[in-house]
Protein chains: 2
Amino acid sequence: MINDQQKRLARYAKALGHPVRIFVLQTLSLQSCCYSGDLTEILPIAKSTLSQHLKELKDAGLIQGEIEAPRIKYCINKENWKEAQLLLKAFFDI
Amino acid sequence: MINDQQKRLARYAKALGHPVRIFVLQTLSLQSCCYSGDLTEILPIAKSTLSQHLKELKDAGLIQGEIEAPRIKYCINKENWKEAQLLLKAFFDI
DNA sequence: ATATTTGTTCGCAATATTACGAACAACCAT
DNA sequence: ATGGTTGTTCGTAATATTGCGAACAAATAT
C-alpha cells in the first residue's frame, strides 16, 4: 500500500522534526563538520540529551560520526542528505 | 537560541514524519482535494486512526477541511504548504 | 598511576504518538 | 420518525520521545 519511498521520506522528515536537530544539521552543513562539545556549549540542553538527538540523526542516516579521540567529529552524511533532498523536492514539486 | 524559523520548519517536518501522512498529502496534492472516506477505502487503518492523522496535518497547518455534508472535503492549505516548501528549500540549499 | 576531557549509556520520569473499537453527532433519505 | 452515511471524539493500551543527572568508558595529560 505505502511504498518504500514514502517510508524513507517519512523517516527523514521525522528526523528533522525537532528544533534542536534542525539546528544541528544547519550547523553541520554550514561548517561541514563539528564536534559534539561545540554544540553543547551553544545549545541549552544537557549533553546526554544532545547525544540522543545526535543518535537520532545518525540512525536516520543524516549524519555520521568519526572518532578523533577523545572527541567525535560529526559530519553530514552527504549521500543520504542528497537522497532526503531529492525525495522532499519530488514531494513538493508534485 | 533557536529561532522561530527553525521551530516552524521542525513543526512541518514533524507533520511529514509518518508514512500515512505522506501518502495523504501526496494524494491531496495530486488531485487537489479529496474526502476522508476515499482515503479510508485505500488505507489499511481504522477510520479513527486516519482522523487523528488528518487532525495532525490540520494542526500543523498543512491541510484544511471544508464541510460538504455529510462528508468533509480535505484540501492542501496552499499558503502554509508554500511556506513549508520554502523553509525546506532554504534548509537544504544552505 | 592518577586525573582530566569527551561523549555515551543507564535509570528514571513525564509526555506524546500510534492504534483500535465503541459511542456519538450531524446530516440526508425514506 | 427511523435509518443510513460520514467522520469525530472517547476510552484504553502499547510504545516512543524528550529530558535530566549520575555512572561509565576511552583516550590523553600530568
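Since we're looking at a predicted model, the values are computed, not measured. Just so we're on the same page: letters track the sequence lines, and every chain starts at 1.
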side-chain contact (heavy atoms from CB on, under 4.5 Å) assessment of Leu43(B) paired with Ile2(A): CA-CA 8 Å; Leu43(B) 289 165; Ile2(A) 282 173; 4.1 Å; yes

Sugar-phosphate only, base, or nothing, as touched by Lys14(B) at under 4.0 Å among non-hydrogen atoms: sugar-phosphate

Heavy-atom neighbours of Glu68(A) CD exceed 12 at 6.0 Å: yes

Gap between atoms CG and P, on Leu43(B) and dC20(C) respectively (whole Å): 11 Å

Distance, rounded to the nearest Å, where Lys55(B) contributes NZ and dT6(D) contributes C1': 18 Å

Side-chain N,O (His53(B)) to OP1/OP2 (dA19(C)) below 4.0 Å: yes

For atom CG of Leu57(A) and atom C1' of dT8(C), their distance in whole Å: 16 Å

Under 4.0 angstrom between Tyr74(A) side-chain N/O and dT6(C) OP1 or OP2: no

Inter-residue atom distance Gln64(B).CD - Glu79(B).CD, 0.5 Å rounding: 9.5 Å

Length of the CD-P vector between Gln52(A) and dC12(C), whole Å: 15 Å

For residues 86-94 of chain A, dump all side-chain donor-acceptor pairs below 3.5 Å to protein atoms at least two apart in sequence or in another chain.
{"unit_1": "Lys89(A)", "atom_1": "NZ", "unit_2": "Asp93(A)", "atom_2": "OD2", "d": "3.1"}
{"unit_1": "Asp93(A)", "atom_1": "OD1", "unit_2": "Gln85(B)", "atom_2": "NE2", "d": "3.3"}

Separation between OH of Tyr35(B) and CD of Glu41(B), rounded to the nearest 0.5 Å: 13.0 Å

For atom CD of Glu66(B) and atom P of dT8(D), their distance in whole Å: 14 Å

Sole candidate of Val24(A), Leu28(A), Val20(A) that passes side chain to side chain contact (heavy atoms under 4.5 Å, CB included) when paired with Leu39(A): Val24(A)

Contact check, side chains of Ser36(A) and Tyr74(A), non-hydrogen atoms, under 4.5 Å: yes

Gln64(B) CD - dG7(D) P separation (whole Å): 17 Å

DNA chain D contacts among residues 15-23 of chain B, heavy-atom distance under 4.0 Å: none

Nearest-angstrom distance from the residue atom OH of Tyr35(B) to P of dG7(D): 9 Å

Sugar-phosphate, base or nothing in reach of Ile45(A), heavy atoms under 4.0 Å: sugar-phosphate

Nucleotides 24-30 of chain C: protein proximity per nucleotide (B base, S sugar-phosphate only, - neither; heavy atom, under 4.0 Å): ---S---

Phosphate contact (dT18(D) OP1 or OP2) by Thr49(A) side-chain N/O below 4.0 Å: no

Exercise: do Glu83(A) and Tyr12(A) side chains pair donor with acceptor under 3.5 Å: yes

Length of the line joining Leu54(B):CG and dT18(C):C1', which is rounded to integer Å: 14 Å

Polar side-chain contact Ser48(B)-dG21(C) base: donor and acceptor under 3.5 Å: yes

